[in-house]
Enquirer: 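Here you go, one structure.
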Amino acid sequence: MNDVVLVALIGAFGTIAAGLPAVLIERARRENNGDHAIVRRKLRELGLQIEKVSTKIGSVDGKLEEHLNSHKDGDSSNELNRRVESGK
């Protein structure tokens, strides 16, 4: 009878000793995958925002270039040029 109890205890201890690290590793892996998914989503959102800003900068850059060229060329259709020319 004692041998049966001893074998059962060794089996239980072996199961716990092997199973506990496996459970902890699996839990850490799931948390890590979840964290990576959050970071991927945030990076994707950041990329979309950068695209929007880049598009706006391109638009403003083009308008600024046109505006500067109108000053350089002396285009009187510009409101500021009209005021300067009229002395106001």
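These numbers were taken from a predicted model, which means no experiment stands behind them. Along the sequence shown, residues carry numbers from 1.
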Enquirer: Do any N or O atoms from the side chain of Asn32 and from the backbone of Ala28 form a donor-acceptor pair under 3.5 angstrom?
Expert: no
Enquirer: Side chains of residues 38-49: which donor-acceptor pairs under 3.5 Å do they make with residues two or more places apart or in other chains?
Expert:
none

Enquirer: Hey, can you pull the donor-acceptor pairs under 3.5 Å for the side chains in residues 9-26, sequence neighbours left out?
Expert:
from	atom 1	to	atom 2	distance (Å)
Thr15	OG1	Gly11	O	2.8
Glu26	OE1	Arg29	NE	3.3
Glu26	OE1	Arg29	NH2	3.4
Glu26	OE2	Arg29	NH2	2.5
Glu26	OE2	Arg30	NE	3.2

Enquirer: Do Ser54 side-chain atoms and Ile50 backbone N/O form a donor-acceptor pair below 3.5 Å?
Expert: no
Enquirer: For Glu66, what residues pass the side chain to side chain donor-acceptor pair (under 3.5 Å) criterion, not counting sequence neighbours?
Expert: none
